[in-house]
A.B. asks: 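Supplied in structure tokens, the structure appears directly below.
Order of the sequence lines sets the chain letters (A, B, ...), proteins ahead of strands, with each chain counted from 1.
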Amino acid sequence: MGWELEGMSLDLEVELAGLRLRNPTVLASGILGSSYSLMKRVEEAGAGAITTKTITWEPREGYQNPVFVDLGFGYLNAMGLPNPGMAAFKTELKKAAENIRTPMIASIGGGDEGEFMKVAEHALEAGCDGLELNLSCPHVSGYGLEIGSDLQLTCRIIGAVRSVSSKPVFAKISIHQARPDVVSRYLGSGADGITAINTIRAAAISPESMTPILSNIFGGLSGPCIRPITVAVVYEIRREFPDAPIIGMGGVDGWRAALELILAGANAVGVGSAIARRDLDIFGEIIEGLRRFLTGKDFKSIKELVGYAQRL
Amino acid sequence: MGWELEGMSLDLEVELAGLRLRNPTVLASGILGSSYSLMKRVEEAGAGAITTKTITWEPREGYQNPVFVDLGFGYLNAMGLPNPGMAAFKTELKKAAENIRTPMIASIGGGDEGEFMKVAEHALEAGCDGLELNLSCPHVSGYGLEIGSDLQLTCRIIGAVRSVSSKPVFAKISIHQARPDVVSRYLGSGADGITAINTIRAAAISPESMTPILSNIFGGLSGPCIRPITVAVVYEIRREFPDAPIIGMGGVDGWRAALELILAGANAVGVGSAIARRDLDIFGEIIEGLRRFLTGKDFKSIKELVGYAQRL
Amino acid sequence: MSYRVGKITNIRSPTNSIKEYEIILEDPIEPEPGQFAMLWIPRVGEIPLSFADAEGEYIKFIVARVGKVTSRMHDGLAIDDRVFIRGPLGRGFRQVSGGRVLLVAGGYGLAPLYFLAKRLKADGCGVKALLGFKSDEDIFHQEEFGRFGEVEVSVEHGLSGYRGTVLDLFRGMVRSGSFDKVYVCGKEELNLAVSRECLRVGVPVEASFERIIKCGAGICGSCSIEPLGLRVCKDGPILGGEAIAPILEADES
Amino acid sequence: MSYRVGKITNIRSPTNSIKEYEIILEDPIEPEPGQFAMLWIPRVGEIPLSFADAEGEYIKFIVARVGKVTSRMHDGLAIDDRVFIRGPLGRGFRQVSGGRVLLVAGGYGLAPLYFLAKRLKADGCGVKALLGFKSDEDIFHQEEFGRFGEVEVSVEHGLSGYRGTVLDLFRGMVRSGSFDKVYVCGKEELNLAVSRECLRVGVPVEASFERIIKCGAGICGSCSIEPLGLRVCKDGPILGGEAIAPILEADES
Ligand SMILES: Cc1cc2nc3c(=O)[nH]c(=O)nc-3n(C[C@H](O)[C@H](O)[C@H](O)COP(=O)(O)OP(=O)(O)OC[C@H]3O[C@@H](n4cnc5c(N)ncnc54)[C@H](O)[C@@H]3O)c2cc1C
Ligand SMILES: Cc1cc2nc3c(=O)[nH]c(=O)nc-3n(C[C@H](O)[C@H](O)[C@H](O)COP(=O)(O)OP(=O)(O)OC[C@H]3O[C@@H](n4cnc5c(N)ncnc54)[C@H](O)[C@@H]3O)c2cc1C
Ligand SMILES: Cc1cc2nc3c(=O)[nH]c(=O)nc-3n(C[C@H](O)[C@H](O)[C@H](O)COP(=O)(O)O)c2cc1C
Ligand SMILES: Cc1cc2nc3c(=O)[nH]c(=O)nc-3n(C[C@H](O)[C@H](O)[C@H](O)COP(=O)(O)O)c2cc1C
Ligand code: FES
Ligand code: FES
């Protein structure tokens, strides 16, 4: 591509498994990444890369309301992977591939190797710049973490998708897969990078109604409250795998949080549920904050900060 | 025992694997349970049961400061299981056994089966009313979760301690062991009940210093922010094991939080790091709040509420 | 906590398919007209409802029987029952102060406009409301609107008021050129038709849109309106002429 | 966030083993005399220090060279360096207003008493301070205390002031009966001996205690004082006569 994205400037630019991002912010999967028009808005807000909502082969309705709880310190959601299915999503992906210059990573969901493969192939055909395998959604039966809990199956899926993909493949993991031995197997099976972490299985009960709040009872916890967990996961993966491309996500709610994950070892940081409180302005705030920090500390590039907290 | 504890009243009384608690509050392990005098204060504050700090055979210094971070929505700690070792701790346990009427559960730490056995035997000799096996501390090498990650070893330890104990044995688990298959193996190996959950491995990095805050880098996350995770764990264990005695802990910071865990399925609730903000008054506040709730809703006993949120 | 608890203090059934719920919350809230709440009925579901009124702890919802949750509400809710709400959510109407204002409501779309009329009147506007219904039995809230200004009612089949759609009634009226602002809430076709007309004659307009609301927090993407990806729960539900123009264009093409 | 960031604006070395650090924080805090902070030096450690002064964003610590962290502070910290603090922690002195007050300090124990003297003087108390040191070269802060009242200094080996321990100096003084309250901060033996004397002659007394502080939040149990399990970081560091009496009893038995 011969042109430069607006907002591209050397100080914040990062390279992620071959993708070139104008800045280290990445829209997290499941957040506004369900149509071309929404992704376009996210690009305009400044995101360095955009991940789509997880796409399955068949359309999925998702769960009944309530599907979302704002807990103050974080959020609980059980959307149930609603999406129009690959056939319908492909139209959006194609429009996005044509009109969005920020790298677009398609999040792939599947209940077995075959579904992962089919969805991945179509996503690549539609022109996405990378794939993220959802091996970690903690509240959809037959998908996500239920696949991710089977190490052999997961490695087979990673290997199979890798073998058909010309674009980088990220394995998106949960807290339960955040162990050096598991990550090592994922990388060994062909994952080009790691996205960490997905939401953590959780629930909320209202004392007033004496019932669970989510219609699905179980959901996933995100937001600031999981950031310390994300920091530990990213730190440890970076320590064990000095060269692995890592998208750190979980609890980024501003530039300080983004910086914390970068210092721990993330090459790029996902922005997800914080948009509920900060809206799309959060991308600009993170970008500005990181740039101010770099300047104040006399660093030339954000790349110098990746894993900086590990220096002793 | 022929006498009644002050504050014993039928409405809040619970039975926990044979232990009779005047109310469902339990002091969590590692919180003020390191000397007789502190445990006495906790009894006076109203606790229904008291868990000691985790005791190892040899004395342990613990980690250097900083060991504790108040994150607002929760707490991060890496104490490093400091304790004076079983020989010195025994004096405190004996004083406590003589002078404290609230059931006292000794938390047992060990790096192998032998250490668990030795510490357990001495704790029983000293007169504790129950044992809790720490299989889940997430930041001490060779202890806690490092033992708990080995299912066979863990089951052997549970079985061995069970075989020498006249008192109930609780297996204290982390989020990673909170799976029906694992819990089922623990119960099958002889655990009388489950304590869930321990802190979650986490870390914090200061953007100002660009270093980790804890001297040990990794610590455990506790407090309100992990409550939704605890609720899901307790709910799921209760659903799968209708009769298992469960001490739910993680994020209890008042009566509403305690009630949430009880409605999810906990027979008793641990109170830990919330004492940092609420001090010992929190026991009275929980007890009063639960009593008011029972009265307001015309329930006769808190036992009726255990797992109530699972009714459909 | 995530939800505020409210207690139902009054229920009215102005028509067969509409119920009004008066609710007292534990704490006061300050919604703007046009904003909405997610109302959760435990074990039943959660739906978006516009504030039809609000004052301190007091709020009112006007609910049409449509499907699962609204039917369970109509059939099951009683005075003293508790409901759970989160909100206020979304962006409300941008109010003008002073001037002549026209409100156009289709059916239960009058809910946010009633709340708006009350505020506009207090701010010194001259309010005229057009309320459209299917038939005579569906008419409600005519007198209530009367307290804040003029009211005209239209029915498609019946004898009361104007005979026809509220859109027809509106068309005749807006060309008079005597309104400084038009607010509309009804089915999407009504919203778009009224907006198109206003854009044509150059009268500022705002309309209240509906989509399936899930998160209500602007993150799940469920409530997006094409072609610009405006989220009903965050960028809306009230959209102004500039935001509606591209929707009209997409609609026409 | 967990820590407040402070910037060192001034460092003084009144003696070979003592340094005073003046620090400006980003936001003002309001510690009471007797309260303490946990001071974190990244990559070095974190230790408890009493506020020796505080006013808005300005705070002062007086630090004796003792071991690892304090030595690294003495040798490594420079003006403009940043430090991290959490606090104020613990319970401070309960101040009297009016009356005659005696302060008894052993070495760097004068830190919280200096802050207290300043406040007491402002509240109209007549302040007398006894500052005990090992030898002539250890004397510091004598003039500073002079601003708030009378000062007497004791040295165990040397020529300045009273020749002996500050305890001996104190003993002679308290029997005069002319003090309404005694505050003491020094080694545990000094605290206990002074308290014992005060309890005997019936003068209200408070002392500042030290234990190993880890969590600083009252939960880890590290800082417990026997026999009652009082936590220095939460119930203290300042304890009054009633709390000290059982410690004295346990000490004697
Ligand atoms: C911002 C906003 C404000 C609203 N204000 C009011 C109001 O004040 N009074 C009122 O009566 N209604 C209002 N509605 C519409 C109301 O939310 C729906 O009628 C209700 O959700 C239907 O729920 P149900 O379970 O009864 O129907 P369902 O059984 O779920 O479905 C029946 C029909 O309603 C549609 N529908 C379902 N859920 C929604 C939803 N969340 N949003 C929009 N359409 C839906 C379905 O597509 C289906 O065609 C509002 C909607 C929005 C988006
Ligand atoms: C509430 C409180 C207020 C204090 N205020 C001041 C003050 O204003 N000025 C001042 O100079 N000192 C003060 N201290 C003492 C100061 O905290 C210790 O001197 C310091 O922690 C020693 O750290 P180090 O790394 O230099 O020594 P280390 O190398 O850790 O140890 C040297 C010696 O000091 C003891 N010690 C270590 N850590 C502590 C600790 N956390 N608390 C108590 N003793 C310890 C050790 O047992 C050892 O004997 C205070 C202590 C407390 C508890
Ligand atoms: C409403 C919502 C929907 C989500 N949907 C998906 C999804 O479809 N696929 C996926 O891999 N992760 C999904 N996630 C997880 C996020 O991508 C992210 O990993 C997690 O929320 C942590 O980041 P945060 O704290 O910034 O939100 C979703 C999260 C939320 C809050
Ligand atoms: C300072 C601190 C020390 C702890 N020490 C132990 C311990 O020794 N053994 C153990 O099993 N759990 C220990 N825990 C975990 C608690 O017992 C509890 O499981 C956890 O903190 C969650 O509960 P909370 O949110 O109420 O604090 C410790 C927790 C804290 C905060
Ligand atoms: S309902 Fe989720 S974005 Fe609007
Ligand atoms: S230092 Fe932990 S209780 Fe005081």
A.B. asks: For C:Glu32, is there an ion pair with C:Arg91 - N to carboxylate O distance below 4.0 angstrom?
C.D. replies: no
A.B. asks: Using a strict 4.0 Å threshold on nitrogen-to-oxygen distance, state whether A:Glu98 and A:Lys95 make a salt bridge.
C.D. replies: no
A.B. asks: So for C:Arg231, is it side chain, backbone, both, or neither that comes closer than 4.5 Å to the heavy atoms of chain A?
C.D. replies: both
A.B. asks: Where on A:Ser215 is there a heavy atom nearer than 4.5 Å to chain C: the side chain, the backbone, both, or neither?
C.D. replies: neither
A.B. asks: Can you tell me how far apart CG (A:Leu32) and OG1 (A:Thr52) are? Round to the nearest 0.5 Å.
C.D. replies: 12.5 Å
A.B. asks: Would you mind checking which part of C:Lys234 comes under 4.5 Å of any heavy atom in chain A, side chain (CB onward), backbone (N, CA, C, O), both or neither?
C.D. replies: side chain
A.B. asks: Among C:Tyr114, C:Phe36, C:Phe61, find the residue that satisfies the ring pair (Phe, Tyr, Trp, His ring centres under 6.0 Å) test when tested with C:Phe51.
C.D. replies: C:Phe61
A.B. asks: Looking at C:Val69, C:Asp235, C:Ile213, which has the largest count of heavy-atom pairs under 4.5 Å with chain A?
C.D. replies: C:Asp235
A.B. asks: Side chain, backbone, both or neither: which part of C:Ile212 has a non-hydrogen atom closer than 4.5 Å to chain A?
C.D. replies: neither
A.B. asks: Less than 4.5 Å to any heavy atom of chain C: does that hold for the side chain of A:Ser209, its backbone, both, or neither?
C.D. replies: both
A.B. asks: With a 4.5 Å cut-off on heavy-atom pairs, point out which of A:Leu76, A:Asn77, A:Asp279 contacts chain C the most.
C.D. replies: A:Asp279
A.B. asks: Which atoms of A:Pro212 are under 4.5 Å from chain C, going by heavy atoms: the side chain, the backbone, both sets, or neither?
C.D. replies: backbone
A.B. asks: Evaluate the criterion side-chain contact (heavy atoms from CB on, under 4.5 Å) for residue pair A:Glu146 and A:Ser141; output intermediate values, then yes/no.
C.D. replies: CA-CA 7 Å; A:Glu146 288 199 9; A:Ser141 114; 3.8 Å; yes
A.B. asks: Does the Lys NZ or Arg CZ of A:Arg60 fall within the cation-pi geometry relative to A:Tyr143 - under 6.0 Å from the ring centre and within 45° of the axis?
C.D. replies: yes
A.B. asks: Flag the one option from C:Cys233, C:Pro42, C:Gly45, C:Cys215 with the top tally of heavy-atom pairs under 4.5 Å to chain A.
C.D. replies: C:Cys215
A.B. asks: So for C:Leu228, is it side chain, backbone, both, or neither that comes closer than 4.5 Å to the heavy atoms of chain A?
C.D. replies: backbone
A.B. asks: Starting from the C-alpha separation in whole Å, work towards a yes-or-no answer on salt bridge (charged side-chain N to carboxylate O under 4.0 Å, His left out) for C:Arg86 and A:Asp70.
C.D. replies: CA-CA 9 Å; C:Arg86 54 189 175 105; A:Asp70 185 340; over 6 Å; no
A.B. asks: Which one, C:Gly221, C:Gly216, C:Ser222, leads in non-hydrogen pairs under 4.5 Å with chain A?
C.D. replies: C:Gly221
